[in-house]
Amino acid sequence: MKKVLVIDDEAIVRTSCERALTPEGYEVKAVSSGKEGVELLQKESFALVLLDLKMPDMDGIEVLNKINETWPDTKVVMITGYSTVETAVQALRLGAYNFIEKPFTPDTLLAAVTEVFEKTNQGGAEDRDIKRDSGNP
Amino acid sequence: MRNLFNFRNPEKSIATKLIIAIGLLISIVSLIFWYAILQKQKMDVMSIAVKYGGSFVNFTKESIHHSLLTSQRDETQRVLETLATPEGVRRVRIYDHKGKILFCSHKKSVGQIIDKATVACKGCHVDPGKSSELLQNPQRWSVYRENSGPTLLKIVGPIPNEPDCYTASCHVHSREQGILGFVEADVSLALLDEAVFKQGLALTAYVIVFVFAVSAFLGIIIYKIVSRPVSELVDGMAQVAGGNLDASVSIKSGDEMGVLAQTFNSMIRDLKAARDQREKWTQTLEAEVAKKTEEIQRTHANLMQTEKLASLGRMAAGVAHEINNPLTGVVTFAHLLKKRFPSDSTEAEDLNVIIEQAERCSKIIKNLLTFARATPSEKGKVSINDVLSRTIFMVQNQEKFHHIKFNINLEDYQFIILGDPSQFQQIFLNMFINAADAMNGRGNIFVSTRKTTESGKPYVEIEFTDEGCGIKEEDMPKLFEPFFTTKPVGKGTGLGLSVSHGIVKHLGGHIKVKSVVGKGTTFFVRLPLAEEAR
C-alpha cells in the first residue's frame with residue numbers, strides 16, 4: 001500500500017488530495033497541522049508527505065526539517081501558493097523532493113506523486129503492482 | 001462745488017478771510033482819507049470865511065470912520081444896525097480896549113462889558129485881565145455855535161490910533177493911545193456848513209461805492225485764482241481719498257495753483273501706478289500661494305494614495321493567497337466530476353468551462369500578487385518577454401483596458417535581466433496605465449522588444465507607443481520628477497514614472513521619450529542584459 005500523508009490547514013485542500021489520490025490506489029491520511037502530522041508519523045510510517053508551506057502553528061519548513069531528521073526515507077512534496085515560490089525553492093534546497101503550486105489539478109498532483117514513487121523505487125514489488133494498476137485506469 | 005464764500009464761518013474760507021481783511025483795510029484807509037478831505041475842505045472854507053470876515057471888518061471900519069471922527073454916535077449906531085442881517089452878519093459891535101461895548105447892532109447890549117475869555121481879548125493877549133503881554137501870532141477870529149444854531153465866525157479887527165483921532169477937536173483920545181477900540185463881527189456860516197455837509201455826503205457815498213466796488217472786484221479775482229482752483233483740488237483729493245485714482249484736476253494756469261495742480265496730478269498718476277503694481281504683486285502672490293497650496297494638497301493626496309495603495313496591495317496579496325485554497329477545491333472536484341462523464345458529453349464540456357475559468361482566476365491572482373509586491377522579492381533572473389506578456393495579460397482583464405488593442409511584437413530572444421520581476425512588472429504596468437490615460441481608454445498600444453547594443457554591451461530595448469494626447473514640450477523636463485502629474489488630482493500620483501525611472505537607473509538602464517502633442521508618445525526603456533545570458 002502506498003501511504004501518503006497530507007498536512008494542510010485547509011480542509012478543502014486535504015479533501016481534494018484524498019479524492020484525487022484514493023481512486024488511484026493510494027492510502028491517504030490527512031491532518032490539519034504540522035504537530036498532528038509529526039505525531040501521526042511517529043505511530044506509522046508514510047512513503048510520502050504532502051506538506052503545506054504556510055500553516056498557523058508549525059511552519060512547513062520546520063516540519064520538513066523534522067521529517068528529514070527523523071524519517072529520512074519519507075519523501076516530502078511541498079504545496080505552495082504562488083507568493084511562496086521562493087520559499088518553495090528554498091525548501092527544495094533543504095531536501096524536499098518537489099513542490100506543486102496551488103491551485104493544482106488532480107492530474108498535476110497525481111503526476112507529482114507518481115513521480116516520487118517511480119523514481120525512488122519505493123515499496124518494491126507491491127509498489128510496482130500499484131504502478132501498473134495506475135498506468136491502466 | 002463747495003461753498004466758495006462761507007460767510008457764516010469765515011474762519012473756514014480763505015476767500016472770505018481775504019475779502020474781509022482787504023475790505024476792512026480799504027474801509028479804514030478810505031475813512032482816513034474821507035476824514036482828511038473833509039477837514040481840508042472845512043479849513044479851506046474857513047480861511048475864505050476869515051478872509052471875507054476880515055474884509056467885512058475893514059469895510060465896517062471905513063463905514064463908521066467919519067461918524068466916529070465927528071462924534072456922531074447915533075450915526076455910528078445906525079450904520080452898525082444897517083450892516084447886521086439875520087442870515088449873514090448876525091451881530092456887529094464896537095468896544096473899547098477895556099471891553100466896554102460902545103456900539104452894537106443889538107442896541108440892548110450897549111454899555112455891557114464883554115467876556116474876557118473870548119477871542120475879543122484872547123486873540124492878542126496871552127492872559128487877558130492879568131497882564132498886557134501879547135501873543136506872538138495873534139489870531140483874531142474864532143468859530144463857535146450857539147445852542148443848535150448854525151456855526152458862527154467871530155472876527156475881531158482893532159481900530160488903531162490915527163493923527164485925525166488924537167488931533168480932533170473933541171480930544172477924547174490922547175496921542176499915546178495905540179489902539180482905540182475893536183470892531184467885532186459875528187458872521188453866520190450856515191450856507192458854508194450846508195455846502196460842506198453836502199460835500200461830505202457825496203464823499204461818503206463815493207467812499208462806500210469805492211469800497212464795495214474794490215471788494216467785489218477782489219472777490220471775483222480771489223474766486224478765480226484761489227477759491228475755484230482750491231475747490232477743484234479739494235474735490236480731486238476727496239475723489240482720491242474715496243479710492244478713485246483716475247481723478248485729475250484741470251487747472252491750466254501757470255501760477256502756483258497750476259503748479260500745485262500739476263504736482264497733484266502727477267502724484268495721483270504715481271499713486272495709481274503704485275497701486276496697480278501692488279495689485280499685480282498681490283495677484284501674483286495669491287496665484288503663487290494657490291499654486292503652492294495645490295501642490296501641497298496634491299502631495300498630501302499622493303502620499304495618502306501611496307499609503308492606501310500599499311495597504312491595498314498587502315490586503316490583495318493576503319486575499320489572493322487565501323483564494324488559492326478554495327480554487328484548489330474547485331479545480332480538483334471539477335476534474336473528478338469530469339471523469340464521470342464521457343469526454344464528448346455536454347457535462348464534460350461544461351466542466352471544462354469551470355476548470356478554464358478557475359485556472360483564469362488563478363492566473364489573475366498570480367499577476368496581482370506579482371504587482372502587489374507582497375511577494376518576498378529576491379534578485380533573480382527575469383525574462384523580460386515573460387514579464388511583459390504576463391503584465392499585458394493582467395491589464396487586458398482590467399476594465400480600463402477593455403477598449404484598448406494591444407499590438408505586441410516581441411523579439412524571439414530570452415532577454416534575461418537580474419532583478420525583481422515585480423519591479424519590472426511595475427514599470428510595464430505604469431507604462432500601460434499612462435498610455436491608457438493619455439488615450440482616454442481607447443486606441444492602440446504598441447509594445448515591442450528588441451536587442452540592441454550600447455557602448456559595446458548588449459541591451460534590451462522595450463518600446464511602448466500610444467496614440468494619446470502627447471506630452472507638452474514644457475512638461476518634458478519635469479516628466480520624471482516625483483509627484484509631477486498632468487492627471488486630475490486623485491487620479492495620478494505623479495510617482496509612476498519617477499519610480500520607474502529610479503528602478504531603471506538602478507539597473508544601469510535609462511528611459512527615453514519621444515512625443516508629438518495630439519499624436520502620441522513613445523517610451524523607450526533600455527536595460528542591460530545579464531552577463532550569464534549573453
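Lettering follows sequence order; numbering is per chain, from 1. Hydrogens, waters and symmetry mates play no part in the numbers below; they use all other heavy atoms, side chains included.
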Step-by-step side chain to side chain contact (heavy atoms under 4.5 Å, CB included) determination, N324(B) to E101(A): CA-CA 9 Å; N324(B) 273 333; E101(A) 267 183 79; over 6 Å; no
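Taking NE2 of H335(B) as the reference point, atom OG1 of T108(A) lies at 7.0 Å (rounded to 0.5 Å). The CZ atom of F333(B) sits 5.5 Å away from the OG1 atom of T15(A) when rounded to the nearest 0.5 Å.
With contacts defined as side-chain heavy-atom distances shorter than 4.5 Å, the pair E10(A)/T328(B) does not qualify. Proximity of K102(A) to N325(B): side-chain heavy atoms (C-beta onward) are separated by under 4.5 Å at one or more points.
Annotation for V331(B) and F104(A): closest pair CG1-O, 3.6 Å, computed over non-hydrogen atoms.
Crowding of K505(B) atom NZ: a count of heavy atoms from other residues, nucleotides or ligands under 6.0 Å not exceeding 12.
If you measure heavy-atom distances from D107(A) to chain B, the contacts under 4.5 Å come from the side chain alone.
In terms of heavy-atom pairs under 4.5 Å with chain B, the best-connected choice from S16(A), C17(A), A20(A) is S16(A).
Take R19(A) and apply the salt bridge (charged side-chain N to carboxylate O under 4.0 Å, His left out) test, not counting sequence neighbours, and it matches no residue.
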